[in-house]
Each structure stands twice: as structure tokens, then as C-alpha cells.
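What follows is a single structure, written as C-alpha cells, with notes after it.
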Amino acid sequence: MAMLWLSAVVSLLLSSSLHAAGAGAGASSLSVRRYDAIFSFGDSFADTGNNPVVFGWYSVFDPVTRPPYGSTFFGHPTGRNCDGRLVVDFVAERLGVPLLPPFLAYNGSFRRGANFAVGAATALDSSIFHAGDPPPGASPFPVNTSLGVQLGWFESLKPSLCSTTQGKKKCKDFFGRSLFFVGEFGFNDYEFFFRKKSMEEIRSFVPYIIETISIAIERLIKHGAKSLVVPGMTPSGCTPLILAIFADQAGPDDYDPATGCLKAQNELAILHNSLLQQSLLNLQARHPDASIVYADFFSPIMEMVRSPGKFGFEDDILTICCGGPGTAFCGDQGAITCEDPSARLFWDVVHMTEVAYRYIAEDWLRIIESPGNKII
């Protein structure tokens with residue numbers, strides 16, 4: 001419990017430092033301006049439709065390709081792991097940019113942005129999770145859609161966005177007028193480790209995951225990125241999937257009595273977020289001309305978990321809207337879909353509902369739209 005308290009204090013102090021820098025001479029808050037484009041990297045929390053393509057490569061069935069996914073807003077499945085829009089969708093709408101087309105599933109122009117995020121993506125290369133000879137019938141996950149792979153896709157797209165014959169400066173200017181989302185990354189890295197390693201072993205990987213994210217940010221800055229939003233991790237200890245994985249292992253003392261969330265898994269997320277924020281401070285110091293913003297995924301969700309009534313949610317906040325009973329996925333025959341997704345935090349066993357993402361987006365937009373440090 002002491003570790004959780006200490007980590008929370010560190011996270012709060014680092015977050016305060018990042019926000020304070022945005023109010024002064026630093027560049028830690030983004031400008032109030034219209035961006036030419038938005039480019040997004042991440043996992044299923046940001047994926048707008050790449051995962052059906054990737055799952056098809058491995059002949060893996062993808063439940064998000066069927067109803068009731070997408071039913072709240074789009075009226076049909078879109079490849080989003082949600083009943084409607086994601087955080088990045090709400091941000092794009094507010095900033096006047098079209099909803100981000102998925103890079104692998106779209107044949108049109110990417111001049112206004114592209115989404116490289118893929119459901120189940122990791123920060124670390126997938127080979128790390130498949131060390132040794134896999135047993136017969138082993139899961140292909142995580143597949144090779146890591147952050148490094150996504151950056152490769154971005155770089156393959158770059159010539160069509162700003163031809164190098166037009167000069168490097170033109171490319172840098174274009175990306176300098178674009179907004180970049182780098183994450184969320186981490187949830188899948190740790191979730192795949194949960195099935196194989198002890199919590200002590202998993203904690204030792206946190207610095208490597210943070211380093212991987214930091215290297216990616218610097219790579220984008222070299223391409224000309226000046227406005228970057230870097231989301232932290234969600235409170236994985238509150239996620240229905242993680243709660244189910246540890247249901248047979250955890251004892252009463254492993255749960256937070258106030259929320260029902262797993263303490264150790266949330267402590268891991270807090271550690272990840274604390275080290276990520278410290279890394280972003282270091283990156284900001286090295287790149288004063290860029291605006292590198294930490295987007296808090298953890299605190300808004302924890303606020304919803306602790307005070308569901310404040311957001312119009314039902315009291316049983318950790319119950320999913322779609323899926324079950326037993327091992328049924330959302331959309332399976334026999335699975336249940338709640339009558340009112342807007343009264344739930346969780347849509348399925350991992351992902352939030354559209355209304356929850358809307359609340360989180362409002363929190364992020366307060367930073368993105370901050371009037372401090374305008375980039376002219």
C-alpha cells in the first residue's frame with residue numbers, strides 16, 4: 001500500500017511539473033490552432049480500423065467486425081473496439097480534422113492524417129514475447145504490429161505526403177503543423193507478460209518500454225513533429241479482463257476495498273506513468289522547440305470508478321456492457337448487451353464505452369487547447 005501511495009505522489013508531482021511548464025516559458029502545452037493533419041500510433045484504445053486487416057493476415061477471427069460494435073454512433077462496426085467513437089475521434093472532431101483513416105484499410109488520401117494504431121499492439125517488438133519454441137496451437141499474439149512497425153508504416157507513407165524532391169524543409173513544415181499521438185502503449189506489453197512472468201519480473205521491463213516510447217518520440221521529432229500528445233496507461237487493475245485473469249490467484253488483500261480493482265496491477269500502471277512523465281520532461285528539455293504533452297488516461301478512469309454516479313454510470317462500475325456470460329465475447333451468440341451503454345464505463349472486457357471516451361477526451365482537450373505557448 002505504501003508503494004501505491006508513493007507512486008501516486010510521484011505521478012502527481014511529475015504531472016504538475018509538466019502542466020506548470022505549459023504555463024510558463026516551456027513548451028509542454030499545445031497551441032490553440034488548426035492542425036493540418038493528425039497522425040496516431042497506438043493499440044486498440046486508438047485503433048480506428050486497422051485490426052481487422054491484421055487479424056486477417058493471421059486468420060484470426062476479429063469480434064469487432066460484427067454488431068453490436070459501432071452501434072451507438074456509426075450504426076455499424078468500423079473496426080473500433082467500442083460502441084462508438086474513441087478519444088482520438090473526439091479530438092479530431094474538436095480540432096476540425098476528419099476522423100483518422102486506418103492506414104491499412106483505407107485507399108484514399110492521408111493528407112489530413114492517418115491512424116497506424118492496431119488492436120493488441122505492443123511497444124516492445126513482438127519477438128520478445130515469443131522467446132523459445134511455442135507450444136502447438138499457441139496464440140499468434142502479440143503479432144508484429146509494435147510501435148517500431150507502426151513507425152515504419154508512417155515512414156513508408158511519408159513520400160506521398162511531402163515528396164522529398166520538394167525538399168526536407170517542406171516535409172518538416174508539414175509535420176510541424178500536424179498533431180501526433182504516440183500511444184497508448186504498455187497495456188498489452190504487461191498483459192502478455194501477466195500470463196508468463198511474476199509481477200517483480202514484469203516491473204523490470206517498465207524502463208525498457210518507456211525507453212522504446214521515448215526513442216519513437218525522438219524519431220518523430222527528427223521527421224519534423226513539433227506537437228506530440230503521449231497518453232499514459234489506463235488503470236489495468238480495474239479492467240475486467242485483468243480481473244478475470246487473476247480471479248483464481250488473487251486473495252482479498254490484493255484488491256482495493258474502495259474500488260474492487262487489483263492493487264498490484266494498478267501500481268504497475270502508476271509506475272509506468274511516472275517513468276513516462278519523467279522521460280517526457282527529459283525529452284522536452286532536449287527539444288525546447290517541440291510541445292510534448294502527457295495525456296492522463298489513468299486519473300479520469302479512476303475518477304469514474306470511484307464516483308460512477310457523477311458521470312451517470314450504474315454503481316456496478318466494473319461490469320461490462322457487452323459480452324459474457326462465461327467466456328462469451330461481445331457479439332457471440334448468448335452474449336449480453338446492456339440496454340444503455342451510456343450508463344457503463346466498460347463496453348467489453350478491455351475497452352471503454354463511447355461516453356467514457358468522451359469524458360477522457362474533454363480532459364485531454366483542455367491541455368491540447370491550452371492558450372499557453374502558441375506555436376505560430
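Each residue takes its place number in the sequence, starting with 1. Being a predicted model, the structure only gives us computed values, none of them experimental.
- Residue E201 places its CD atom among more than 12 non-hydrogen atoms of other residues, nucleotides or ligands, all under 6.0 Å distant.
- A salt bridge links D173 with K169; the closest basic N to acidic carboxylate O contact falls under 4.0 Å.
- Between I360 and P300, the shortest heavy-atom contact is CG1-CB, 4.0 Å.
- Between F39 and F110, the distance separating the two ring centers is not shorter than 6.0 angstrom.
- A distance-only check finds a donor-acceptor pair linking the side chain of D47 to the backbone of N51 [under 3.5 Å].
- Aromatic ring centres of Y69 and F329 lie farther apart than the 6.0 Å criterion allows.
- When atom types are taken as modelled, the side chain of S291 and the backbone of S227 share no donor-acceptor pair closer than 3.5 angstrom.
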Should I209 and F185 be marked as a side-chain contact (heavy atoms from CB on, under 4.5 Å) after you check the CA-CA gap, both sets of side-chain angles, and the distance that decides it? CA-CA 8 Å; I209 292 170; F185 283 103; 5.6 Å; no
Verdict with supporting geometry, H223 and K158, side chain to side chain donor-acceptor pair (under 3.5 Å): CA-CA 9 Å; H223 283 295; K158 180 178 175 180; 3.0 Å; yes
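- Without hydrogens or angle criteria, H272 side chain to P207 main chain gives no donor-acceptor distance under 3.5 Å.
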Go through it in stages, so that I can follow the logic: the residues are D83 and T72, the test is side chain to side chain donor-acceptor pair (under 3.5 Å), and I'd like the CA-CA distance, side-chain angles, deciding distance and then a yes or no. CA-CA 5 Å; D83 61 310; T72 293; 2.5 Å; yes
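- Geometrically, R111 engages F174 in a cation-pi contact defined by less than 6.0 Å to the ring centre and at most 45° from the axis.
- C338-C322 SG separation is not under 2.5 Å; the pair is not scored as a disulfide.
- Proximity of a side-chain donor or acceptor of N188 to a complementary backbone N or O of T122 within less than 3.5 Å is not detected.
- A single hydrophobic cluster is seen to contain both M199 and M233, as judged by linkage of ILVMFWY side chains at heavy-atom distances under 4.5 Å, directly or through other members.
- Looking only at atom types and distance, the side chain of S146 has no donor-acceptor partner in the side chain of S126 under 3.5 Å away.
- Environment of NZ in K196: crowded, with over 12 heavy atoms of neighbouring residues, nucleotides or ligands closer than 6.0 Å.
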Please assess R94 against E362 for the test salt bridge (Lys or Arg N to Asp or Glu O under 4.0 Å), listing each intermediate value before the final yes or no. CA-CA 10 Å; R94 178 75 69 83; E362 288 296 328; 2.7 Å; yes
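- If you look at F194 and F246, their ring centroids are closer than 6.0 Å.
- A continuous path of hydrophobic side-chain contacts links L104 to V60 [ILVMFWY only; heavy atoms under 4.5 Å].
- Nearest heavy-atom pair across A335 and G331 is CB-N, 4.1 Å.
- Between F45 and H351, the distance from one ring center to the other falls under 6.0 angstrom.
- A salt bridge links D332 with R66: at least one charged nitrogen is closer than 4.0 Å to a carboxylate oxygen.
- Classification of R80 and E354 as a salt-bridged pair fails, no side-chain N sitting under 4.0 Å from a carboxylate O.
- Within the 3.5 Å criterion, the main-chain N or O of I292 finds a donor-acceptor partner in the side chain of Q284.
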Starting from the C-alpha separation in whole Å, work towards a yes-or-no answer on side-chain contact (heavy atoms from CB on, under 4.5 Å) for F180 and V230. CA-CA 8 Å; F180 288 79; V230 188; over 6 Å; no
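- Counting all heavy atoms, side chain and backbone alike, T145 lies closest to A121 at O-CB, 3.3 Å.
- For W364 and F90, the gap between ring centers reaches or exceeds 6.0 Å.
- Rounding to the nearest 0.5 Å places OG of S299 at 9.0 Å from CE of M302.
- Within 6.0 Å of the OH atom in Y208, the count of heavy atoms belonging to other residues, nucleotides or ligands does not exceed 12.
- Looking only at distances, a side-chain donor or acceptor of T259 sits under 3.5 Å from a matching main-chain atom of C261.
- Each of F175, F181, F103 was compared with F154 under the ring-ring contact (aromatic ring centres under 6.0 Å, His included) criterion, and only F175 meets it.
- With hydrogens and angles ignored, the 3.5 Å screen pairs no side-chain donor or acceptor of E184 with any backbone N or O of F297.
- In summary, the aromatic rings of F141 and F55 are positioned with their centroids under 6.0 Å apart.
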